[in-house]
Amino acid sequence: MSDHTGPSSEPAIPPTTSALTMRQKRAALLRALKVGRVSLPSLLLRDDEIVGQLPVRRVLEALPGIGKVSAGRLLGELGLEEHCWIRHLQPTQHARLLAWSRSYPRRPR
């Protein structure tokens, strides 16, 4: 009889270095957005793999003053799917998000 008790008894497979690096870069970019070091329009105009792999909802939730409920409402107003990534946006969807980002109210800190 095998003493295998399930997936929890298996050692965790460490993520590849490149996957870990990409995750860290995406997290750093979202933190920079949250504290205002990166603007939303500049983030949306970047054309690289780091930005492309960001879910739109997480980007919106990283903005000051926007939480989970506001982000969900905004996705609906902009006609975006709940689980879309930046790189999967159609040109018209990207343009709507970019236009909204340029009018996003900046609050004094």
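Being a predicted model, the structure only gives us computed values, none of them experimental.
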Cluster link [X] to [Y], ILVMFWY, side chain under 4.5 Å:
| X | Y | value |
| --- | --- | --- |
| W100 | I86 | yes |
| V56 | W85 | no |
| L54 | L63 | yes |

ask   = Is E61 salt-bridged to R57, cutoff N-O under 4.0 Å?
value = yes
Looking at [atom1] of [X] and [atom2] of [Y], how far apart are the two atoms once the value is rounded to the nearest 0.5 Å?
| X | Y | atom1 | atom2 | value |
| --- | --- | --- | --- | --- |
| L60 | L78 | CG | CG | 7.5 Å |
| D48 | Q53 | CG | CD | 9.5 Å |
| L45 | S101 | CG | OG | 7.5 Å |
| R102 | L97 | CZ | CG | 10.5 Å |
| R96 | L80 | CZ | CG | 6.0 Å |

key: N/O donor-acceptor pair under 3.5 Å between H88 side chain and H83 backbone   =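 Answer holds: no.
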request  = Determine yes or no for a side-chain-to-main-chain donor-acceptor pair under 3.5 angstrom, with T21 supplying the side chain and T17 the backbone.
outcome  =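 Flag set: sc T21 to bb T17 pair under 3.5 Å.
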Min side-chain heavy-atom separation [X]-[Y] under 4.5 Å:
| X | Y | value |
| --- | --- | --- |
| L75 | E81 | no |
| L29 | R46 | yes |
| L44 | H94 | yes |
| V59 | V51 | no |

request  = Identify the heavy atoms of L30 and R58 that sit nearest to each other, and give their distance.
outcome  =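 Of all heavy-atom pairs spanning L30 and R58, the closest is CD1-NH2, 3.2 Å.
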key: P64 to L33 - nearest heavy-atom pair and separation   = CD-O, 4.3 Å
